Structures are given as structure tokens and as C-alpha cells.
Protein chains: 2
Amino acid sequence: MSHPPAKPTLRADAQQNVTKILDAAVACLSRNADASVSEIAKTAGVGRVTLYGHFPSRQALVDAALTRAIADGEHVLQALDLTGDPREALDALIKSSWLLVAQATAVLEAAQATLAPGRVQELHAGPAQRVDDLIRRGQADGAFRADLPANWLTSVLHHVIHGAAIDVAKGRLESTDAARFISQTILAAYSKAGA
Amino acid sequence: MSHPPAKPTLRADAQQNVTKILDAAVACLSRNADASVSEIAKTAGVGRVTLYGHFPSRQALVDAALTRAIADGEHVLQALDLTGDPREALDALIKSSWLLVAQATAVLEAAQATLAPGRVQELHAGPAQRVDDLIRRGQADGAFRADLPANWLTSVLHHVIHGAAIDVAKGRLESTDAARFISQTILAAYSKAGA
DNA sequence: CTCAACTCGAACAGCACTGTTCGGGTTATG
DNA sequence: CATAACCCGAACAGTGCTGTTCGAGTTGAG
């Protein structure tokens, strides 16, 4: 344990810079899909050369940023109990982590432009499956409508969350309202037609 | 009338090329927001120099493409009767023109990156107002829920349509299903909670 | 204190895109 | 058919980004 094998020398200072860079990368890429490396470095308060010292290419940086954004989202998802009423579970999911989901989705969109499509799918698979399972269970329980396919419902959820994030960024929506609006819209959209 | 003032010489051949270029520009820009001029020219089957002969800059081209995409959308909207039951009117609107709306929205998104924000707002205002009016009327009639603001409902509509277009483009959704899915989703999302 | 690890600005080559010019070829129109 | 309008490829300068090198300064760890 006290001997991390393949890392002969990594100063405490350096690793701290790496996280600063990743923070900046996630922030910039979720705002602007094709943010330049200079812009990310400046946002991180770091020289461009230093950045290239930690990530060999822009692709590698985007990959790392996406990995971290998705890991953050997955971490929040794992802390939630999704076993109760699908409606309540979905409501809790939205209210606790819509912002993280929106950020991860935005970075994912940025990554889609520059990363191999298989790699994107690979990283995104985990958390996406978790949400998909919840929706399918809701359909099987009769809590959600079954006249539309589950992957369409998940797609709607993603796009509504993404849209809300854009609206907040553009000042068209108060961030304090966002979670409530999303939840009420999605639950209505998922409810059975006859109900 | 037989003397168009400021256009001393415009050959019939040339104007035809202009429309080919605009077609290509709309197609390319709705697929990829930052498509190059070369790519658009090649898609139009036209030399890059010819393109610059008709549009002085990339900005002007994007502006013209957006103007035409929105004009197309507005043309379809004007042909619709939106005075009946708001639910049926919205359903008809989606089924007749969701693809055009999606295309216009995509081009608009591309334009947002390169055009002045005021100009975008200016072009988009017309058709957007028309949809907004329909939704507000539906709320006043009691056909649509009123516990969420109208501009949020319009935002949801746009983002769901946009998302459906992306899903179709990526092969995750059959284009024959799209209109029905959008309509059923939106109508449920707009319905009153207690109903 | 000392040294290696780290940081940083300046500057370079390579690349892609924009916008322009030149010269020769095509074609509609009168 | 003759001319003016138009089309087009090649090639140029200018710009911004990527990825790299160099040399000098700063700082953490032993």
C-alpha cells in the first residue's frame, strides 16, 4: 500500500494542478464544446505548456475530463436509493443531480466531436444504464406509460435536462426553479394517457 | 416594374446556383454547426470561389441560410389553422412541420456561434411568437397546465423536437415514429396534473 | 541546503480555414 | 455568333489552434 508501483515521482503540488485543469476543462467544455487548450489552461490558472506536461494531447484531456464528469455523476447516482416508487425515485434523482447530469451531458457532447464514438459509448454506458433500468422498471410496474419505448423516454429526459441547463446558462430560467420544472414536466410526460 | 433597379445583370443560371448553395448550407449547418465553407461548396457541387462570389463572407452565408430556414418554417406555420382546440392544433403543428422546425433550430444553433445575438433573436422572433401564442392560449383555455410558465413549455417543445432530430440522425429513432412520439410526449407533458 | 521535480513564457513548425487574386474556360442571352 | 456574365482550380497571405522545444525561474521533498 505504501508503495504505489508505477509512479516513481509525483509531487503533491503537481497532482493538485491536474485537478485544477480537469475542473477548468469540465467547466469550459460544458459551456463551449470546442474550447481551445489555451482557454482551458487560462481558466485553470496554469500555463499551456504545463497542461501539455500532464496530458499529451487535447484528445487525452477531453477524455479525462469526460471520465471525471461521468464519474462524478455516477457517484451521486450510486448514493441514491432507486428501489422505491419509480415516480418518487425519478423525482429524487432529478432534484439531487440534474445539474451534474447536465454538466456531464454537455461535456459528453463536446467529447463526441473529438473522441472515437466507441470510447464515448463506453464511458457513458454505466450511468445511462442505471437510469434506463429505473424507467423500464417503472413501465413494468405500471407507474410509467408503456405506449412509448423506454429509450425514447430516457432520450426525452436527457434532452429536457440539457435544455434546462442551456436555459439557465442563458438567463431564461432561474436555477432554483429548474429542478421543479424538470421533475413536473417529466413525470407528466411519463404518466399513462388514460390516468 | 420591368426594370428592377439595383440589379443590372443577374443571369438565370446564377440564381439557381445561389439556391443550391443555400440548400447545401442548411443541410451542412444543421448536421455540423461549424461546417467549413469548402464543405458547403462541395456539397452544393460548386467551387469555393463561386460561393464567395455570391456571399461576401461566411457570416453572410450563415445569415442567409438561417433566414431561409426560418422563412421555410414560417411558411408552413402560416398554412396551418391554429384557431381550434389547442391540443389538436399543437398535434397538427408537430406532425406537419417538426422536421422543418428541427432543421431551422439546428441552423439557428449554428448561427448562434458566429452571428450577433441580436440578429439571431430578430430572425427567430416571428415563428417563435406564433408557437408561444398557441401555448398561452391553451393555458388560458384550460387545455394546458398553467402551473408551469409558458416559456418553459415552449422551451421543452423545442428541446424535445431538437432531441428527436438528433436521435433520428444517429439512427436511434425511426423518422416515421418521430412525429407520433413527440406529439404524445408533449401533449402528456402539457396536460393538467389532476386530469 | 540541495536537487530534482515542476512551472512558465517565448517562440517554432505544421495544419486547417478564411478571404482574395489571377487566368483561362463555359454558357446564357441578345 | 459574339459578348458579357459566370464558373472554377490554383495559389497566395493572414489568422488561430495544436503540439513541441528551449531556457530560465520556482518550489516541494529529503
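Every chain is numbered from 1 and lettered A, B, ... according to where its sequence line falls, protein lines coming before strand lines. These numbers come from a predicted model, not from an experiment.
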Protein and nucleotides 14-18 of chain D: nitrogen or oxygen contacts under 3.5 angstrom:
from   : atom 1 : to      : atom 2 : distance (Å)
D:dT18 : OP1    : A:Val37 : N      : 3.3
D:dT18 : OP1    : A:Arg58 : NE     : 3.2
D:dT18 : OP2    : A:Val37 : N      : 3.1

Could you list by number each residue of residues 59-68 of chain B showing a heavy-atom separation from DNA chain D of less than 4.0 Å, or answer none if no residue does? none
Name all pairs fulfilling the side-chain hydrogen bond (donor to acceptor under 3.5 Å, both in side chains) condition that reach into residues 33-51 of chain B, sequence neighbours left out, sorted by first residue then second. none
Atom CG of A:Leu51 and atom C1' of D:dT20: how far apart are they, to the nearest Å? 14 Å
It should be established whether A:His54 places a side-chain nitrogen or oxygen under 4.0 Å from OP1 or OP2 of nucleotide C:dT7. yes
side-chain contact (heavy atoms from CB on, under 4.5 Å) between A:His54 and A:Leu61: does it pass, once the steps are laid out? CA-CA 9 Å; A:His54 291 290; A:Leu61 173 61; over 6 Å; no
Under the ring pair (Phe, Tyr, Trp, His ring centres under 6.0 Å) definition, can you give me all pairs with a residue in residues 142-177 of chain B, not counting sequence neighbours? A:Phe181-B:Trp152, B:Phe144-B:Tyr190
By side chain to side chain donor-acceptor pair (under 3.5 Å), which residues pair with A:Asp132, not counting sequence neighbours? A:Arg136
Grab the CG-P distance between A:Asp34 and C:dA16 for me, whole Å please. 17 Å
Holding to salt bridge (charged side-chain N to carboxylate O under 4.0 Å, His left out), I want the full list of residues that pass it with B:Arg58, two or more places apart in sequence or in another chain. none
Which residues pass the salt bridge (charged side-chain N to carboxylate O under 4.0 Å, His left out) test with B:Asp141, not counting sequence neighbours? B:Arg137
N/O (side chain, B:Asn17) to phosphate O (OP1/OP2, D:dC7) under 4.0 Å: yes
All salt bridge (charged side-chain N to carboxylate O under 4.0 Å, His left out) counterparts of A:Lys20, not counting sequence neighbours: none
Considering only Ile, Leu, Val, Met, Phe, Trp and Tyr, and joining two whenever side-chain heavy atoms are under 4.5 Å apart, list the other residues clustered with B:Leu100. B:Val76
Is the closest basic N to carboxylate O distance between A:Lys192 and A:Asp147 below 4.0 Å? no
Return a single string for nucleotides 22-30 of chain C, one symbol per nucleotide in 5' to 3' order, where B is base contact, S is sugar-phosphate-only contact and - is none, cutoff 4.0 angstrom on heavy atoms. -----BSS-
For residues 117-126 of chain A, run the donor-acceptor check on the side chains, cut-off 3.5 Å, and write out each pair with its distance to 0.1 Å, sequence neighbours left out.
from     : atom 1 : to       : atom 2 : distance (Å)
A:Arg119 : NE     : A:Asp63  : OD2    : 2.8
A:Arg119 : NH1    : A:Glu122 : OE2    : 3.3
A:Arg119 : NH2    : A:Asp63  : OD1    : 3.0

Rounded interatomic separation in angstrom, taking CD from A:Gln15 and C1' from C:dA5: 14 Å
Which residues share a salt bridge (charged side-chain N to carboxylate O under 4.0 Å, His left out) with A:Asp167, sequence neighbours left out: A:Arg172
